[in-house]
Amino acid sequence: MLQSVEDLTSRFPVAGLRFVPGPGGLVKAVVESPAACGAVYLHGAHVSEWQPSGQAPVLWMSEASQFAPGKPIRGGIPICFPWFGGHPTDSTSPAHGVARIREWELVTAELLPAGGVRLELRTSIEQYELRYRVDMGRVLDLTLEVRLAADAGGSMRFEEALHTYLAVGDILQVSIAGLESARFLDKVGSVQLRPATGEPVRFTGEVDRVYLDTTADCVLRDPVLQREVRVSKSRSLATVIWNPWIAKSARMPDFGDQEWPGMVCIETANVADHAVELLPGQSHVMTASLSVGELSEN
Ligand code: TA6
């Protein structure tokens, strides 16, 4: 399927939507509407920017990110599929699966009644058909549908995550509410299952946690940017929280050494024990929704 800037521009004439050649030759859909501005690369169906009107940018992007076919983008909302983290058996396979490093096909583009733009993208991976709907408005609504082909040889299990990078004023001053009663896999050092803390998540060092059995909204309180970002979800039982801190940032070539204070990941996921199993012909739909509000009192 040809998806050049010219081809897309002629096929999807939607007010507030244009297509531009991004870095690395990656085609970028740019949304500029009264409700919100933002961008989505066809590479990885990667939401790279989202800024509701009247707000500062909500998503974080590394200054050192790569933008190249076959390479992950460091920031925005990578789609992790069909595995999370390292491949379970093949160490030569790309981390977090292949969905984020291949070009997706834009299927539809339309205006949203409440303002903003809806994009729908698709790809197929192994015997799965994926469709991803991005509603970019005052709220950012993401819907990831995975269907296993009817002629698949049997049931299959996959992991998935919308690996959302959020911009923060200072990681030392933020907190994340919503996970107080959830156990978590602590991946810093050896992986350990830890009990619920009973408190909001705060950051005084590297945090890499897979919270389990949780359907809760997460609310990021940011006193520096004077806002709250709510991440709500459906059909997701895991939430991943990550900040690489100093040493890990320095080890990542596509992550600036001094960038760690300005970001945190709140990831909507089905991973580990919450991997999804489908029978042939079955589908699963996971959603995430990001919204920005006033900083409420503690
Ligand atoms: O979501 C947290 C995590 O699994 C961390 O362990 C870290 O590896 C991060 O994802 C980024 O992974 P990436 O492959 O994008 O560098």
Side-chain angles (χ1 to χ4, degrees), residues 24 26 41 43-48 59-88 90-102 125 142 144 158-168 171 174 176 178-179 182 184-194 201 203 205-212 214 218 220 231 233 236-257 259-275 286 288 290:
L26 303 181
Y41 285 89
H43 176 72
H46 195 116
V47 178
S48 58
L59 304 180
W60 177 86
M61 180 66 66
S62 172
E63 296 287 322
S65 178
Q66 300 178 88
F67 292 89
K71 300 290 184 190
I73 294 172
R74 175 70 67 193
I77 307 176
I79 299 174
C80 304
F81 180 90
W83 62 86
F84 183 80
H87 187 280
D90 174 7
S91 60
T92 64
S93 292
H96 290 322
V98 298
R100 67 175 180 170
I101 55 175
R102 61 150 63 171
I125 294 171
L142 307 169
L144 180 62
F158 65 87
E159 293 179 306
E160 60 184 350
L162 296 174
H163 193 299
T164 302
Y165 286 80
L166 298 169
V168 300
I171 191 68
V174 305
I176 298 173
L179 301 167
F184 60 95
L185 294 173
D186 185 345
K187 293 171 58 180
V188 177
S190 61
V191 178
Q192 294 196 36
L193 179 61
R194 298 191 189 282
V201 184
F203 301 82
E206 180 184 355
V207 170
D208 191 350
R209 300 177 179 178
V210 180
Y211 285 85
L212 301 168
T214 174
C218 284
L220 169 68
V231 182
K233 62 179 189 174
S236 155
L237 291 175
T239 296
V240 182
I241 304 294
W242 181 55
N243 181 284
W245 216 250
I246 301 166
K248 189 156 192 180
S249 301
R251 291 199 298 270
M252 292 185 284
D254 62 344
F255 197 114
D257 292 359
E259 291 184 312
W260 56 272
M263 57 71 67
V264 70
C265 286
I266 299 179
E267 306 166 33
T268 305
N270 286 302
V271 300
D273 291 350
H274 298 312
M286 178 175 77
L290 278 65

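Counting starts at 1 for both ligands and their atoms, following the listed order.
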Protein contact to [atom] [nearest heavy atom, distance to 0.1 Å]:
atom: atom 14 (O) of ligand 1; value: Arg100 NH2, 3.0 Å
atom: atom 12 (O) of ligand 1; value: His96 NE2, 3.2 Å
atom: atom 6 (O) of ligand 1; value: Asp208 OD2, 2.6 Å
atom: atom 8 (O) of ligand 1; value: Lys248 NZ, 3.9 Å
atom: atom 1 (O) of ligand 1; value: Glu267 OE2, 2.7 Å
atom: atom 16 (O) of ligand 1; value: Arg74 NH2, 2.8 Å

Can you check whether Ile246's main-chain N or O pairs, donor with acceptor, with Glu206's side chain at less than 3.5 Å?
no

Asn270 and Glu160 side chains, donor-acceptor separation under 3.5 Å:
yes

Record the part of Glu206 in heavy-atom contact with ligand 1 below 4.0 Å; permitted values are side chain, backbone, both and neither.
neither

Starting at [atom1] of [X], measure out to [atom2] of [Y] and round the result to the nearest 0.5 Å.
X: Asp273; Y: Leu185; atom1: CG; atom2: CG; result: 7.5 Å
X: Phe67; Y: Ser48; atom1: CZ; atom2: OG; result: 6.5 Å
X: Met286; Y: Ser236; atom1: CE; atom2: OG; result: 5.5 Å
X: Arg194; Y: Phe184; atom1: CZ; atom2: CZ; result: 6.0 Å

Heavy-atom gap Phe84 to ligand 1 smaller than 4.0 Å
yes

Which atoms of ligand 1 sit under 4.0 Å from any heavy atom of [X]?
X: Val240; answer: 1 (O)
X: Lys187; answer: 4 (O), 6 (O)
X: Ala95; answer: 14 (O)

Which of Thr164, Leu162, Ile79, Ile77 passes side-chain contact (heavy atoms from CB on, under 4.5 Å) with Val47? It is Ile77

Is there a nitrogen or oxygen of His163 sitting under 3.5 Å from a nitrogen or oxygen of ligand 1?
yes

Count the heavy atoms of every other residue, nucleotide or ligand shown that sit under 6.0 Å from CD of Gln66, and state whether that count exceeds 12.
yes

